[in-house]
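What follows is a single structure, written as structure tokens, with notes after it.
Letters A, B, ... mirror the listed sequences (proteins, then strands); counts begin at 1. This one's a predicted model, so the numbers in the text were calculated from it and none came from an experiment.
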Amino acid sequence: MSTHGKNVLIIGEKSSQVRTFCETLLPAIKTKKVGKRIYTRSGPWKGNNLTFLPLSGHITTVDTKKGYGWGETAPINIVQDPKALIIKENYEFRKIIRELATKSEELWLATDPDSEGDNIAYEAYKIAIRANPILRVNTRRVWNSSLTSVEILRAFNQLANWSVNQALAVQGRRMVDAWVGFAGTREVTIAARKVRNERGLVLSVGRVQLPTLKLIVDKDIERTEFLVQEKYNILADLLDESRKQILVSVQHDKSPFTNENDVQTILDKLKKSTLGKISSFQQKQTKIPPPRPMNTTDAIALLSRQLKLKADNALEILATLYEQGYISYPRTENRQFKSNFPHNEILTNLQSHPPYKPFFQQIKTMTQVRTNGRKQGTEDHDPIHPTGEIPSIGGKITPLHLKSWTFIARWYIGMFMEDLIQQRGTVRLAIKEEPFSQKYQSTESLGWTEAMNWRRPRETPSFSFEAGQIVQVRNIRSEAFKTKPPARWSDATLIKRLEKLKIGTKSSRPDVIKKLELRQYIVRKGNSYESTNTGKTIITVFNAIWPDLVTPKFTRQVEIRMDEVASETCSYDMMLETIRSEYLFLHQKLLSQIENLQDQLKEAFSDLGSSTYKKRKSHFSTKQRKSKTENASYPCPACNSGNLRERTNSRTGEKFFGCSRYPACSFTSSRNIYKKKG
DNA sequence: GCAAGGTC
């Protein structure tokens, strides 16, 4: 349209984000299909012609170069040769970016405002400047920290300078993860297959996987080593004046007792006692404010706990609710709403939903949450919240999705409601100088727990006494109980601990748990996880070779190096060389221990026996063999180096053909074209 | 085929 303005290419991280940018900035949007399920949007803005290209997260993968595949070389050579790792660009995106870059005079990088977003921008930037070197000096960064019109306009009017340091820091982390992950996994897998000849058997090693596995192994060790103890409480009943009704049962202050003789001594002493003297009775009102806004970890923990879901299923449900427009972007670490967040609109919509109407009698202000949380890092997304639209069952929304949404909506509404008010009381008394006491709590006003009904406190019967009062005492007795070992990890507790330890990220944590299960390092029993002998063996062996890798310490060290690269106190090449040589030394150590590892794995596998483990594995491998022979004969027409494989669209369930080199090559074709004849 | 991290 405007022939005087510049053509600007803008790279976004995902299509939902680009859509919002365009709706805010452009008076008229032209959408163009540029690839399979890839659309650009363009239009005029401030005299320039903007073209937005949404990516789908990363567009490169780290891989091994030719001759360094599985079985082609010893795993240690992946680390020994500093050039063994290569970066593969997604074929389709590369083609699109090249074409768009040659037609552009400026490049604006508008991926998420975090270091991973910088790295994703860098992937596109590299392709673009190769195709059009002029862009190198005409690249700007759009640092947009929230998808509200005000903030989008601010970000696009105040373009930031583009610096590659943060992107390189992340790139370094990606290389390190590949060295450790590829070389470690292959070495351990080779060792495992020597003692258990089985196709498809993979034992993986990773910077995030091992510390996560260690948490589970440690808990199991703690539980096995736990000594069950018999302990005792001493109790007595306080009766009313008529001595007919029990007012409350009180407990000896030294409970629980570990020594049975001590218990007997006190019981003997109090044998004939029928009276006690109240030493104090205190009552107070306690106000508990609503919880803070929820991030991904909170939402996954909530849904997995309330609906008995696995963490990855919970995240999937959140993603679907987001795609269907019922909740905000579900991958966020942020627990803080901005002061100008438009809560009013959302609440007004929710208020029209009859079941939620009564909650609004308890809401005084619809503009601020009552307890705001903390903002983490340079997060762009708001805490998870409902959009105000009420979902109904149908299409992708199942009753489970609806149920999940109600938890999120009720949490959100709860944050604006009044405090939970409790009455708490404590009575203290002496029976022949022996101190007894008891507490109660009763609800005066449900407050926000009216909406968040799963957080309603336990009620205990209330009582009232006066200091100095003499009371009737009966049934002085002891009660024995057994101590319990610490609880196993559930999806909810595990994911919260991982967040606390800063292991993994908001979106990768559920996948890591799933992967450990797939590797049969852990099994899910009921709603909690238990480590297998294989899992325990892996931790034992790596703990002896490289203890830092099985604790969060290695992740910390990598983070420190990343910060150095980002702040230019260390170069990217230096970071890679340092960590590569460190890992090389440790991989040699692993090799020296390989026979020991084999022996230990042999034992671990023999314990597993023949039952479910073998059956499931063998079924898996025949299935794999079948699909391989069926599809191996068709070379990919796009890249010519991969083969077409039958795939299933996880969303629609439709079968299609895709290149075996995906994501490096993203060629796909519908099934009928390549189907065998006859 | 392997990791971890994005997103679909």
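- In this structure, A/Arg556 pairs ionically with A/Glu559, as a charged nitrogen and a carboxylate oxygen lie closer than 4.0 Å.
- With rounding to whole Å, A/Met562 atom CE is found 14 Å from B/dA4 atom P.
- Residue contacts for A/Gly184: at a heavy-atom cut-off of 4.0 Å it reaches no nucleic acid atom on any strand shown.
- Distance from the side chain of A/Arg173 is smallest for B/dG5 among the nucleotides B/dC2, B/dC8, B/dG5.
- Using a 4.0 Å heavy-atom cutoff across all strands shown, A/Ser56 reaches at least one base atom of the nucleic acid.
- Between A/Leu318 atom CG and B/dT7 atom C1' the separation is 15 Å, expressed in whole Å.
- Across all strands shown, A/Ser507 has heavy atoms under 4.0 Å from base atoms, whether or not it also approaches the sugar-phosphate.
- A/Val205 places a side-chain heavy atom less than 4.5 Å from the side chain of A/Leu210.
- Considering all non-hydrogen atoms of both residues, A/Gln17 and A/Glu13 come closest at OE1-N, 2.8 Å.
- In this structure, A/Arg519 reaches the B/dC2 phosphate: one of its side-chain N or O atoms is under 4.0 Å from OP1 or OP2.
- One can place CZ of A/Phe554 at 11 Å from P of B/dA4, the figure rounded to the nearest angstrom.
- In this structure, the side chain of A/Thr387 engages the main chain of A/Gly325 through a donor-acceptor pair within 3.5 Å.
- Nearest to the side chain of A/Asp511, among B/dC2, B/dT7, B/dG6, sits B/dT7.
- The CZ-C1' distance, from A/Phe93 to B/dC8, rounds to 10 Å in whole Å.
- When each of A/Val180 and A/Ile120 is assigned the nucleotide of DNA chain B with its nearest heavy atom, A/Val180 is the one assigned upstream, toward the 5' end.
- Between the CG atom of A/Asn90 and the P atom of B/dT7 there is a distance of 16 Å, given to the nearest Å.
- Here A/Arg331 reaches the OP1 or OP2 of B/dT7: one of its side-chain N or O atoms lies under 4.0 Å away.
- Using a 4.5 Å cut-off on side-chain heavy atoms (C-beta onward), A/Trp405 and A/Gln324 make no contact.
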Audit row: A/Glu89, A/Arg130, salt bridge (Lys or Arg N to Asp or Glu O under 4.0 Å) steps and yes/no: CA-CA 13 Å; A/Glu89 287 165 346; A/Arg130 259 192 340 251; 2.9 Å; yes

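- Nearer to the 5' terminus of DNA chain B, by closest-nucleotide assignment, is the contact made by A/Ile78 (compared with the other of A/Ile78 and A/Glu116).
- Computed from coordinates, the A/Asp177 CG to B/dA3 C1' distance equals 6 Å when rounded to whole Å.
- The interatomic distance linking A/Leu516 (CG) with B/dA4 (P) rounds to 9 Å, in whole Å.
- Looking at heavy-atom distances under 4.0 Å, A/Asp63 makes contact with a base.
- Between A/Thr185 and the phosphate of B/dC2, there is no side-chain N or O to OP1/OP2 separation shorter than 4.0 Å.
- Rounded to a whole Å, the CD atom of A/Gln17 is 10 Å from the P atom of B/dC8.
- An OP1 or OP2 oxygen of B/dC2 is reached within less than 4.0 angstrom by no side-chain nitrogen or oxygen of A/Tyr68.
- Of all nucleotides listed (B/dC2, B/dA4, B/dG6), B/dG6 comes nearest to the side chain of A/His58.
- Distances from the side chain of A/Val208 to the nucleotides B/dG5, B/dC2, B/dG6 place B/dG5 closest.
- Of the candidate nucleotides B/dG6, B/dA4, B/dC2, B/dA4 has the atom nearest to the side chain of A/Arg207.
- Residue A/Thr505 has its side chain nearest to B/dG5 when only B/dT7, B/dC8, B/dG5 are considered.
- The phosphate of B/dA3 has OP1 or OP2 within less than 4.0 Å of a side-chain N or O from A/Ser204.
- When heavy atoms are screened at a 4.0 angstrom cut-off, A/Val62 is found touching base atoms of the nucleic acid.
- Aromatic ring orientation, A/Trp546 versus A/Phe554: perpendicular (interplanar angle above 60°, classes split at 30° and 60°).
- For A/Lys515 and B/dA3, the shortest distance from a side-chain N or O to OP1 or OP2 is below 4.0 Å.
- Residue A/Thr111 is out of contact with every strand shown, counting any heavy-atom pair closer than 4.0 Å.
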